[in-house]
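Reviewing the structure listed below.
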Amino acid sequence: MKEPKPMPKETITTRAHDYNQWYLDIVREADLAEVAEVVRGCIVFKATGYAIWEMMQRELDNRIKTTGHENIYFPLLIPKSFIMKEAEHVDGFAPEVAEVTRAGGEELAEPYVIRPTSETIIGYFYSKWVRSYRDLPLLYNQWCNVMRWEMRTRPFLRTAEFLWQEGHTAHVDEAEAEAETLRILFDVYADFAEQVMAMPVIRGLKTEKEKFPGALRSYCIEAMMQDGRALQSGTSHNLGQNFARAFDITFTDQHNTIQHCWTTSWGVSTRLIGALIMTHSDDEGLVLPPRLAPIQVVLVPIYKNEDERARVMEAVERLTADWQGRLRFKVDDRDNFTPGYKFNEWELKGVPIRVEVGPKDVEKGSVAVARRDMPGKAGKQFVPQAGLTDYLLTLLEAIQVALFERALAFRSDRTATVTTYDELKAQIERGFALAYWDGTTEEEKRIQDETRATIRCIPLDQPEAPGICVYTGRPTSRQVIFARAY
RNA sequence: CGGGGCGUGGCUCAGCCCGGUAGAGCACCGCGUUUGGGACGCGGGGGUCGUGGGUUCAAAUCCCUCCGCCCCGACCA
C-alpha cells in the first residue's frame, strides 16, 4: 500500500512559522478550550480539555492522598482585610485581586476578594483548629478555582480564572515543614510530571526575587517547552512562620511554651494542560501521553458497502470484546465521514493509537495500527488480530516512554553551561543556560531588563565543583538556570 | 497599563481608501453517488457588519466612545 506523507493541517500554523499561533491553533482545533470572549481573560474548558484535567486530577489526587493528605474546601470569598495581613503577600497580590463590594442589593460593610489563593482564609481557620502540638500536623488540600486579574492571558497558560489544587499544611517546626515542602515537590509533582505527563522537569529552588509573596522559600518544577522557553509547572512553598504570625496560628509544645506553627502551601493548576501541549504536540496536532489520554485507542472501521460493513463490524465487535476496563477506547462508526477524514481528525486530537479495520484486514486476520507519536509511514504497521489487546497495551507503554525520552533529549540538546555573559545572552535564545551565580536581586533584575531572561531556579542537583559567577566574576558553588519564561 | 494590529454568516476572509439593495471559500441541512490519508454532484438555509453615539437624504464604509481578541513590553501558577 502506498503511504502518503502526512498532510499538513491547513488549520494549524507550523511551529517554525509562529509558535504562539501554533499553540492557539492546537487549543482550538483539538477542541480543548474556547476563549470566553464575554468574560475577560477567561476560557471555557471544553469536553476534551476538561477530560484531560480530570485525568490529571485523578493521578494527582492519588499521590496527594498517599502522602497523607485529606481534601477540604474553603469559601471562594475572602474578607479583604485577610489579604492585607501579611505584608509581602499584600504587595504580591493586591493588583490582581477582584473584589465583591455589593451583594443583597447593598454595599457590603467589608468587601470580599475572590480568592487568588487561600493562605489567608485557611490561616484564619487553622488558628482556630490548632491548640496543641498533638493537633499537628494539619495536612489538607483543596481542589478549587481561583481568580487573578492578569493583564495578558493565554488559554491554560495564564487565565483570569483557573482550576488548581492548593495544599496547605501546618507543622511543629521548620524541619518538618521543609520535609513536607520537598516531599510534595518530589513525590507528588515531579513524579506526576515525569511519569504521567512524560514531561521531564528540573526540581529547583526559587531565588528571592522569584519566590511566592510571603514565603520563606519556594521550590518549583520547571519544564522546557518546544521553543526553548521555561514553564513553571508547579510550586511548593515553605511559608516559615510568616502566615502563622499574621493569623496567630499557635500551639503549645511539649514544654508548655506557646509557639507559632510552620506552614506550607503548594499547587499545580490547569496551566499543566498548556505544558502538556507545548511539550509533546507537533504540526499535525495534539499529542497526548497514553496515561493522560481520555481516549487511548480509536478504532476506525473501513467499508464500501453494507456487506463489507457487516463483516468489518463483526470483526470490530470481536476485537474490542476484552478492551472494556483495560483500554480507554472509542469505535468511530460515524458514517458521514470518510476514513481519511477521521484519521486526520483523531491525529489532530492527539489520540495515541489508531487502529484501522477494513475488508482486507478481515480477510488476512490483521489490523493496521498507527502510533501518534510517529506520524506518517514510520508509525503505521499491520499486526495480527491475534493478541491485539496485549500488543496495544505494550505499545501504549512504549509510547509513554518514547515521549518522555524525546522530551528529555530535546531539553538536553537545548541546555548548555555558560561561563560568560555573552554566552548567556546567546544561549537563552535557544533554551536553558546553566551558569554559576553569586549576584544580588538587583543584578538579577538588571539581567532581566537586558536579556528578558530570568533565573528560573537553583536546581537541587548542584555540581560538585565550584565556579565563577557569570555576572559578577566572584567565585561561587551555586549554579542556576537562566531562561526566558512563560 | 504602554506600543502595534484586528473585530463582516459557525470558521477563514474580501468589501472600507473613494458612503448608495452584504459577498466568497470552507462548514451546516436535503437527496444521490462515495468511503484503506481531509470525496463529489445538484438543491437549500443562515449575517441588527463587536457596542453605543455622531456626521449624512443614505454608514460595514467617515468621526468619537466603550468592549473584546491577537502580537510586542512591564506582572504572574
Side-chain angles (χ1 to χ4, degrees), chain A residues 1-11 13 18-21 23-25 28-29 34-43 91-96 116-117 146-166 189 206 210 212-213 218 220-223 231-237 265-275 284-285 300-306 308-309 312 334-348 354-362 366-368 370 375-377 380 382 445 448-449 452 454 485-486:
Chain A
M1 183 189 304
K2 234 167 101 185
E3 181 68 28
K5 275 185 253 161
M7 190 177 299
K9 306 280 195 290
E10 59 267 358
T11 47
T13 309
D18 183 344
Y19 193 80
N20 287 323
Q21 190 56 49
Y23 175 80
L24 293 167
D25 290 348
R28 171 176 35 85
E29 290 298 313
E34 183 171 325
V35 172
E37 70 277 1
V38 289
V39 187
R40 186 198 178 103
C42 291
I43 60 171
D91 293 345
F93 281 105
E96 55 192 72
T117 178
V146 290
M147 174 158 277
R148 299 180 187 176
W149 211 252
E150 300 291 351
M151 290 169 181
R152 231 180 105 197
T153 57
R154 308 183 64 197
F156 299 121
L157 295 173
R158 188 181 303 103
T159 48
E161 179 188 8
F162 58 92
L163 310 180
W164 77 342
Q165 58 68 216
E166 47 177 324
Y189 294 161
K206 285 291 184 193
E210 298 285 325
F212 177 78
S218 289
C220 63
I221 51 173
E222 291 281 331
L231 183 74
Q232 177 173 303
S233 304
T235 48
S236 184
H237 316 289
S265 70
W266 27 275
V268 292
S269 71
T270 39
R271 166 178 265 198
L272 288 175
I273 299 172
E284 309 299 319
V300 179
I302 296 157
Y303 44 79
K304 287 189 178 62
N305 51 50
E306 268 311 307
E308 282 187 357
R309 178 193 158 91
V312 166
R334 293 175 297 176
D335 57 8
N336 53 335
F337 293 104
T338 62
Y341 181 91
K342 294 176 184 175
F343 297 169
N344 280 280
E345 178 172 329
W346 293 113
E347 215 162 64
L348 207 50
R354 182 182 71 245
V355 175
E356 306 166 19
V357 181
K360 292 173 201 165
D361 295 305
V362 174
S366 65
V367 299
K377 190 171 188 171
K380 184 162 164 174
F382 289 87
K445 279 183 185 144
Q448 179 173 5
D449 290 342
R452 289 168 57 209
T454 49
Y486 274 95

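Each chain gets a letter, A, B and so on, in the order its sequence line appears, and its residues count up from 1.
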Between [atom2] of [N] and [atom1] of [X], the distance in whole Å:
{"X": "A:F337", "N": "B:U35", "atom1": "CZ", "atom2": "C1'", "answer": "13 Å"}
{"X": "A:R148", "N": "B:C76", "atom1": "CZ", "atom2": "C1'", "answer": "8 Å"}
{"X": "A:N336", "N": "B:G38", "atom1": "CG", "atom2": "P", "answer": "17 Å"}
{"X": "A:R40", "N": "B:C66", "atom1": "CZ", "atom2": "C1'", "answer": "13 Å"}
{"X": "A:E210", "N": "B:A74", "atom1": "CD", "atom2": "P", "answer": "12 Å"}
{"X": "A:E356", "N": "B:G36", "atom1": "CD", "atom2": "C1'", "answer": "6 Å"}
{"X": "A:Y23", "N": "B:C69", "atom1": "OH", "atom2": "C1'", "answer": "16 Å"}
{"X": "A:D18", "N": "B:C71", "atom1": "CG", "atom2": "C1'", "answer": "8 Å"}

Counting any heavy atom closer than 4.0 Å, what does [X] reach on the DNA or RNA strands: base, sugar-phosphate only, or nothing?
{"X": "A:S366", "value": "nothing"}
{"X": "A:Y486", "value": "base"}
{"X": "A:G274", "value": "nothing"}
{"X": "A:L272", "value": "nothing"}
{"X": "A:A485", "value": "nothing"}
{"X": "A:G358", "value": "base"}
{"X": "A:D361", "value": "base"}
{"X": "A:E166", "value": "nothing"}

Practice task
Go through the steps to decide whether A:L157 and A:L231 satisfy the test side chain to side chain contact (heavy atoms under 4.5 Å, CB included), and finish with yes or no.
Solution key: CA-CA 9 Å; A:L157 295 173; A:L231 183 74; 4.0 Å; yes
Given [options], which nucleotide is nearest the side-chain atoms of [X]?
{"X": "A:Y341", "options": "B:C71, B:A77, B:G38", "value": "B:G38"}
{"X": "A:P155", "options": "B:C70, B:C76, B:G37", "value": "B:C70"}
{"X": "A:L24", "options": "B:C71, B:A77, B:G37", "value": "B:C71"}
{"X": "A:E347", "options": "B:U35, B:A77, B:G37", "value": "B:G37"}
{"X": "A:N344", "options": "B:C75, B:G36, B:G37", "value": "B:G37"}
{"X": "A:T235", "options": "B:A77, B:G36, B:G37", "value": "B:A77"}

Handout entry: A:R271 to A:F162, cation-pi by 6.0 Å centre distance and 45° axis angle
Key =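 Because its charged atom misses either the 6.0 Å distance or the 45° angle limit, A:R271 does not stack over A:F162.
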Taking atom [atom1] in both [N] and [M], what distance in whole Å separates the two?
{"N": "B:U48", "M": "B:C70", "atom1": "P", "value": "25 Å"}
{"N": "B:G9", "M": "B:G2", "atom1": "P", "value": "28 Å"}
{"N": "B:C62", "M": "B:G38", "atom1": "P", "value": "43 Å"}
{"N": "B:C71", "M": "B:G10", "atom1": "P", "value": "24 Å"}
{"N": "B:U65", "M": "B:G7", "atom1": "C1'", "value": "16 Å"}
{"N": "B:C31", "M": "B:G45", "atom1": "C1'", "value": "15 Å"}
{"N": "B:C16", "M": "B:C76", "atom1": "C1'", "value": "40 Å"}
{"N": "B:A39", "M": "B:G15", "atom1": "C1'", "value": "32 Å"}

Practice task
May I ask you to decide if A:G358's main-chain N or O and A:D361's side chain share a donor-acceptor pair within less than 3.5 Å?
Solution key: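 Yes, because the side chain of A:D361 sits within donor-acceptor range (under 3.5 Å) of the backbone of A:G358.
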Practice task
Look at the side chain of A:E150 and the backbone N and O of A:E96, then say whether any donor-acceptor pair between them is shorter than 3.5 Å.
Solution key: no
Practice task
Would you give the length of the straight line joining atom NZ of A:K206 to atom OG1 of A:T454, rounded to the nearest 0.5 angstrom?
Solution key: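 With rounding to 0.5 Å, NZ (A:K206) is 7.0 Å from OG1 (A:T454).
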Handout entry: Short side-chain N/O contact to B:G38 OP1/OP2 from A:T338, under 4.0 Å
Key = no
Exercise for the section: Answer yes or no: does a side-chain N or O of A:Q448 lie under 4.0 Å from OP1 or OP2 of B:C75? Expected result: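 Checking B:C75 against A:Q448, a side-chain N or O does come within under 4.0 Å of OP1 or OP2.
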Taking a pair as Watson-Crick or G-U wobble with both distances under 3.5 Å, which nucleotide is matched to [N]?
{"N": "B:U33", "result": "B:A39"}
{"N": "B:A22", "result": "none"}
{"N": "B:C6", "result": "B:G68"}

Problem - Residues forming a ring-ring contact (aromatic ring centres under 6.0 Å, His included) with A:Y23, sequence neighbours excluded - result: none
Practice task
Measure distances between side-chain N and O atoms of A:R158 and base N and O atoms of B:C76, and say whether any donor-acceptor pair falls under 3.5 Å.
Solution key: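 A donor-acceptor contact between them is present.
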Exercise for the section: Confirm from the modelled atom types if A:E345 and B:G38 form a donor-acceptor pair under 3.5 Å, side chain to base only. Expected result: no
Handout entry: Closest-nucleotide ordering on RNA chain B, the 5'-leading residue of A:R28 and A:I302
Key =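 Its nearest nucleotide being more 5', the pick is A:R28.
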Exercise for the section: Map A:G41 and A:W164 onto RNA chain B by nearest heavy atom, then report which one ends up closer to the 5' terminus. Expected result: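 This one resolves to A:G41.
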Problem - Note, A:Y486 side chain near A:Q232 side chain (heavy atom, < 4.5 Å) - result: no
Exercise for the section: Kindly confirm whether the side-chain ring of A:F162 is stacked on the base of B:A77, judged by centres under 5.5 Å and planes under 30°. Expected result: yes
Problem - Salt-bridge present (A:R354, A:E345; N to O < 4.0 Å) - result: no
